[in-house]
Amino acid sequence: MRGTRWKSKDAQAEALANPMSELVSKLRDFLLQSIAYGMLSEHSVVLIALEPKSFHLFHRACFCQTREDTERIVLNLYEAFYLCYSIKCLKIVDQDKSIMDVGDIWLYNIISKEPRFPEFYKAYSHLRSRNWVVRPGLQYGGDFVVYRHHPSLVHSEYVVIVSSVDVNGRLKVWSDYYCTCRLCLGVAKTLLVLSISKNNQGSVSPSCLDLYGVEEQTVTRWIPEHSHEDQSIVQKENN
């Protein structure tokens, strides 16, 4: 398994001085005291009524897909629902700027359009609650890619594939594992498979997420050339 690859000699010290848990906590406290809210669109949530300070907080806590110098904050559905439902600090409104009920957002605005959102969101929230930074992983052949801290400080460590116990999805045959591991090796990352089990629960309400199970499994490719014994030790024992 690969170690953490920091982008500069001072990056690790900066990350230790500013833990991701504290950065998320600062963002949460700010949002609870502000009038900011998110407007739901087709596949994202646009933040409106933002104060200038909030742009910096969103970016430091890694809850935004746009650059810090842009004029608006756009969240993907996983980020928005995490802030709205999991840590309860963001209100989401409709086009008439009426605050939406979390259950309605879940059932009519997300699940109806993305049936597998519950499993993917469970994986996202599982990682995010453990202070990993979670980003889309399509460019690496995965569902997500995760960082130990802000992407400006450290390279991502894991390519994440979400596997549902209840659905016949990816990684069901050996060749899938082989190809995916080779791809991860080429981009210096480790494959992390999150198997989500619904435990016979439905998905009509976000409260079902509490009953879902998550199993973590890291998968690496065994390379014989990297596993040879130290030849100097072998020779010494033979003499």
Side-chain angles (χ1 to χ4, degrees), residues 1-31 34 36 44-45 47 50-83 86-87 89-90 120-121 123-162 180-194 214 216-221 223 226:
M1 193 174 299
R2 300 176 183 276
T4 305
R5 297 181 300 131
W6 299 98
K7 291 187 174 181
S8 70
K9 62 179 181 180
D10 300 322
Q12 184 175 10
E14 182 177 345
L16 290 173
N18 299 280
M20 187 53 61
S21 58
E22 291 187 6
L23 297 177
V24 173
S25 181
K26 288 180 180 178
L27 174 62
R28 180 179 184 274
D29 292 343
F30 177 82
L31 289 175
S34 73
S44 62
V45 170
L47 275 291
L50 288 174
E51 300 176 32
K53 178 182 177 181
S54 63
F55 286 80
H56 181 62
L57 292 174
F58 270 100
H59 282 278
R60 290 199 73 193
C62 298
F63 276 103
C64 182
Q65 304 299 306
T66 53
R67 300 194 315 271
E68 190 170 353
D69 57 356
T70 55
E71 296 181 354
R72 65 177 185 172
I73 297 290
V74 179
L75 307 175
N76 63 37
L77 292 179
Y78 302 110
E79 295 171 326
F81 202 76
Y82 187 81
L83 293 173
S86 294
I87 60 176
C89 62
L90 177 67
F120 280 80
Y121 179 75
Y124 175 91
S125 61
H126 176 79
L127 294 167
R128 191 79 225 213
S129 66
R130 286 156 177 76
N131 299 312
W132 289 95
V133 172
V134 186
R135 294 298 178 118
L138 183 61
Q139 63 179 328
Y140 298 113
D143 298 312
F144 299 112
V145 62
V146 294
Y147 300 77
R148 188 169 295 274
H149 205 275
H150 197 285
S152 65
L153 300 178
V154 65
H155 293 279
S156 56
E157 291 186 39
Y158 296 98
V159 171
V160 180
I161 288 183
V162 181
T180 306
C181 284
R182 287 207 57 165
L183 176 60
C184 290
L185 181 66
V187 292
K189 306 188 192 313
T190 299
L191 173 62
L192 173 62
V193 180
L194 294 184
V214 181
E216 303 173 352
Q217 182 182 38
T218 56
V219 184
T220 56
R221 181 175 173 231
I223 304 176
H226 294 176

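Since this is a predicted model, take the numbers as computed values, not measurements. Basis for what follows: all heavy atoms, side chains included, without hydrogens, waters or symmetry-related copies.
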Non-hydrogen atoms of [X] and [Y] that approach each other most closely:
{"X": "Val159", "Y": "Gly142", "result": "CG1-CA, 3.7 Å"}
{"X": "Gly141", "Y": "Leu183", "result": "CA-CD2, 3.9 Å"}
{"X": "Leu153", "Y": "Ala11", "result": "O-CB, 3.3 Å"}
{"X": "Ser156", "Y": "Lys189", "result": "OG-NZ, 2.8 Å"}

Quickly, which of Leu191, Val193, Leu192 forms a side chain to side chain contact (heavy atoms under 4.5 Å, CB included) with Thr218? Name it, please.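 Checked Leu191, Val193, Leu192 against Thr218; only one passes side chain to side chain contact (heavy atoms under 4.5 Å, CB included): Leu192.
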
Does the [X] side chain pair with the main chain of [Y], one donor and one acceptor, at a distance under 3.5 Å?
{"X": "Arg28", "Y": "Ile87", "value": "yes"}
{"X": "Asp143", "Y": "Val162", "value": "yes"}
{"X": "Lys7", "Y": "Pro151", "value": "yes"}
{"X": "Ser54", "Y": "Glu51", "value": "yes"}
{"X": "His149", "Y": "Trp6", "value": "no"}

Could you give the side-chain donor-acceptor pairs of residues 16-27 under 3.5 Å, partners two or more places apart or in another chain?
residue, atom, partner, partner atom, Å
Asn18, OD1, Arg60, NH2, 3.3
Asn18, ND2, Glu14, O, 3.1

Nearest 0.5 Å please: distance from the CG atom of Leu127 over to the CG atom of Leu194.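 The CG atom of Leu194 is 5.0 Å from CG of Leu127, to the nearest 0.5 Å.
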
Look up atom SG in Cys62 and atom CZ in Arg135, then write down how far apart they are to the nearest 0.5 Å.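 Reported value, rounded in 0.5 Å steps: 5.0 Å.
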
Could you check whether Glu216 and His126, counting side-chain N and O atoms only, form a donor-acceptor pair closer than 3.5 Å?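 A pair is found: one side chain offers a donor N or O, the other an acceptor, under 3.5 Å apart.
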
Looking just at side-chain N and O atoms, do Tyr147 and Thr4 make a donor-acceptor pair shorter than 3.5 Å?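 No, because no side-chain N or O of Tyr147 sits under 3.5 Å from a partner of the opposite role on Thr4.
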
With side chains defined as the heavy atoms from C-beta onward, is the minimum distance between [X] and [Y] less than 4.5 Å?
{"X": "Arg72", "Y": "Val74", "value": "yes"}
{"X": "Val134", "Y": "Glu79", "value": "no"}
{"X": "Val146", "Y": "Val160", "value": "yes"}
{"X": "Asn76", "Y": "Ser44", "value": "no"}
{"X": "Leu47", "Y": "Phe55", "value": "no"}

Tell me whether the NZ or CZ atom of Arg128 lies within the 45° cone about the ring axis of Phe63 and under 6.0 Å from its centre.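 Yes; both conditions hold, so Arg128 lies above the ring face of Phe63.
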
So Phe144 and Tyr158, ring-ring contact (aromatic ring centres under 6.0 Å, His included) or not? Walk me through it. CA-CA 8 Å; Phe144 299 112; Tyr158 296 98; over 10 Å; no

Going through the distances and angles, do Phe58 and Leu31 end up as a side chain to side chain contact (heavy atoms under 4.5 Å, CB included)? CA-CA 10 Å; Phe58 270 100; Leu31 289 175; 3.9 Å; yes

Are Phe81 and Tyr124 an aromatic pair, judged by ring center distance below 6.0 Å?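 No, the ring centres sit 6.0 Å or more apart.
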
May I ask you to decide whether Arg148 forms a salt bridge with Glu157, counting only side-chain N to carboxylate O separations under 4.0 Å?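 Salt bridge present between Arg148 and Glu157.
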
